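Chain letters run A, B, ... following the sequence lines, proteins first, then strands; residues in each count from 1. Given the structure is predicted, the values throughout are model-derived calculations rather than measurements.
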Protein chains: 2
Amino acid sequence: MTGTDSVAFPAGTQTLTRGLAVIEAVAAGHRTLTDIAATIGCSRSTTHRLASALVQAGYLRAPSSGGGQTFILGPRLVEMGFLARDTLPVVAVARPHLDALGATTRDTVHLGIREGIEVLYLDKIAGQRGLEMRSRVGKRMPIASTGLGKALMLDLPEAEWRTLYDAALSHPATPNARLPAWPDYRAGLRQSGLAACAFDFEENEPGIRCVAAAIRDATGTVIAAVSVASATVYMSETRMHELAPAVVATAQAISRELGWLPRRRAFA
Amino acid sequence: MTGTDSVAFPAGTQTLTRGLAVIEAVAAGHRTLTDIAATIGCSRSTTHRLASALVQAGYLRAPSSGGGQTFILGPRLVEMGFLARDTLPVVAVARPHLDALGATTRDTVHLGIREGIEVLYLDKIAGQRGLEMRSRVGKRMPIASTGLGKALMLDLPEAEWRTLYDAALSHPATPNARLPAWPDYRAGLRQSGLAACAFDFEENEPGIRCVAAAIRDATGTVIAAVSVASATVYMSETRMHELAPAVVATAQAISRELGWLPRRRAFA
DNA sequence: CCAACATATCCCACTATATGAGATGTCATT
DNA sequence: AATGACATCTCATATAGTGGGATATGTTGG
């Protein structure tokens, strides 16, 4: 349910699919061959062959040639991952705007996109207040419990809100999520929709508040979101409201560069 | 030529290998199906099937559902790549030391490992001098023309030096590399070996100088390198020599945390 | 507005490819 | 030295992947 589903693969890709499963097994912390084999449900021979191919290609790495063989994610994944990040259209366009927002606010700035029921962090400008957030680029969090995610939800039908709200409550990454009761949560989201700006009052991480706004592409679809986050000390409710226009402006500037035209909506 | 070789793959992985080839084709900038098919040498049908599977798995992304289909690297690669980076043993251990070195020197600090004839950047602490280097995490450069690379070469037999030197001269990433003539280059490297510290005088990038030292693991093998880099203005030859001890000390501190014992050498 | 094209997507019979059971090799532990 | 746990290799079998071609979809030019 976490996203590891794998049922509906186009036929004729078993080997590729299994190979990717090996990568994900290793990513999930399964180091040894036997362990990986058990995870992906293949014989040791098969798993060994796949893993070897992946090592050969640099997607996995098998340190300590002698002794107990263990696998870790390989260097080519680093290459591809960073390249992928910098190639995603939003990221390149957004970067300078995020930098600017970070410089103005001195707080941590995030960029994220929706991935199913989660938000994936794509960029992070570290704040200058000497406190580090747990967020990392490449990490996923439940949509409904982060400011970034809420900004991504605003355009969705309310039925989906409920799904995502429930998903956040039972999400492994946030076992002790403190979301408001559903009616209150929905009310908050509706109000955010009017302001085009979502707030997060320590719902995802205690002590951390944030202000977020959605980014749209040429078709008007919400494709990403920006947020400014900081410790509660630096984030009084008044400051959050003061910050809102700047965050929205940043989001709109990025949207405009992506071809979005303000005041126009897509009717597809 | 660039490293796209693919001859010696363990049999029984054609599909996986081809799938990875699709990823690399996209990474190389081939967006359209036909283009990718031509690059990896498969029929359109086959390529389409592989690409679809990769999209499904999140390794590729196919924006603009209508119109000319194009592929870009997908979000799961971002996840895996950043995870891979943070999982590689050296990186986690080195990070605090790199931060410290960056804070002391105010210059750009790099961490890299060897990948064949190239060095792969794994971490970068941006300098505080307001100038940005072209280096990026996940990027590769020829070993012989970077300070980082030279530090990785010190332990290798001199025969290999020549290979790497030649490789750097004909490397696509550095078309106008200004390496010293071979005897001078070798002499420089020999001297670096004695000092356990490599210098780079604008050989890789004009206007950029750097000081680098090697990191060893428990077996005494060189597995990575650190470097401090800056514009020539901030990097007089005297400053480079003054910096050397700090860089070497950082490298040794990291090595020690990896189990390396100073003064001992491996005889394997 | 329709014709002509380019490009993606789907289908299916054929066989090359991937499969897993085991046999062998390698290293730690007693 | 003997055991066991695990990685690695081998090989006959059939299943999974292949590419030719037919269809669908969107794009260009007249």
Side-chain angles (χ1 to χ4, degrees), chain A residues 6-23 25-26 29-57 59-74 218-219 259 266 268, chain B residues 6-23 25-26 29-57 59-74 218-219 259 266 268:
Chain A
S6 52
V7 225
F9 272 96
T13 22
Q14 198 192 60
T15 311
L16 175 54
T17 304
R18 284 183 174 176
L20 299 180
V22 170
I23 296 182
V26 174
H30 301 102
R31 296 276 132 79
T32 159
L33 229 206
T34 328
D35 199 355
I36 300 170
T39 309
I40 69 167
C42 286
S43 67
R44 272 188 284 309
S45 330
T46 302
T47 310
H48 175 256
R49 195 157 11 85
L50 297 173
S52 303
L54 289 167
V55 168
Q56 168 107 11
Y59 285 76
L60 289 185
R61 178 169 262 235
S64 69
S65 43
Q69 180 70 282
T70 65
F71 295 94
I72 58 176
L73 298 177
T219 73
Chain B
S6 53
V7 223
F9 271 94
T13 21
Q14 199 193 60
T15 310
L16 175 54
T17 305
R18 285 182 173 178
L20 299 180
V22 170
I23 296 182
V26 174
H30 301 102
R31 294 278 134 79
T32 161
L33 229 207
T34 329
D35 199 356
I36 300 171
T39 309
I40 69 168
C42 286
S43 68
R44 273 188 284 306
S45 330
T46 303
T47 311
H48 176 257
R49 196 160 8 87
L50 297 173
S52 302
L54 288 167
V55 168
Q56 169 107 12
Y59 285 75
L60 289 184
R61 179 168 261 237
S64 70
S65 43
Q69 180 70 280
T70 65
F71 296 94
I72 59 176
L73 298 176
T219 73

Just to confirm, is there a sub-4.0 Å distance from OP1 or OP2 of D:dA7 to any side-chain nitrogen or oxygen of A:His48? no
Just so I know, are the side chains of A:Ile23 and B:Tyr59 near enough to count as touching, which here means a heavy-atom distance under 4.5 Å? yes
Who are the side chain to side chain contact (heavy atoms under 4.5 Å, CB included) partners of B:Leu33, not counting sequence neighbours? B:Thr47, B:His48, B:Phe71
For the helix from C:dC1-D:dG30 to C:dT30-D:dA1, figure out the bend between the end axes, five pairs an end, and round to 10 degrees. 50°
Of all residues at least two apart in sequence or in a different chain, which pass the salt bridge (Lys or Arg N to Asp or Glu O under 4.0 Å) check with B:Arg18? none
Of A:Leu16 and A:Phe71, whose nearest nucleotide on DNA chain D comes first from the 5' end? A:Phe71
Check the interface with nucleotides 19-21 of chain C: list each N/O to N/O pair with the protein under 3.5 Å, or write none.
residue : atom : partner : partner atom : Å
C:dT19  : OP1  : A:Gln14 : OE1          : 3.4
C:dT19  : OP1  : A:Arg18 : NH1          : 3.1
C:dT19  : OP2  : A:Arg49 : NH1          : 2.9
C:dG20  : OP2  : A:Ser43 : OG           : 3.2
C:dG20  : OP2  : A:Thr46 : OG1          : 2.2
C:dA21  : N6   : A:Ser45 : OG           : 2.8

Sequence-distant partners of B:Ser43, side-chain hydrogen bond (donor to acceptor under 3.5 Å, both in side chains), two or more places apart: B:Thr46
Check B:Ile72 against B:Pro63 and note the closest heavy-atom contact, atom names and distance. CD1-CG, 4.1 Å
Of all residues at least two apart in sequence or in a different chain, which pass the side chain to side chain contact (heavy atoms under 4.5 Å, CB included) check with A:Ala25? A:His30, A:Ile36, A:Thr39, A:Ile40
C:dT7, OP1 or OP2 - any side-chain N/O from B:Gln69 closer than 4.0 Å? no
Would you indicate whether the side-chain heavy atoms of B:Thr13 and A:Leu54 approach each other to under 4.5 Å? no
What's the CZ-P distance between B:Arg44 and D:dA22, to the nearest Å? 14 Å
Restricting to non-hydrogen atoms, name the atom on B:Ala62 and the atom on B:Val55 that form the minimum distance, rounded to 0.1 Å. CB-CG2, 4.2 Å
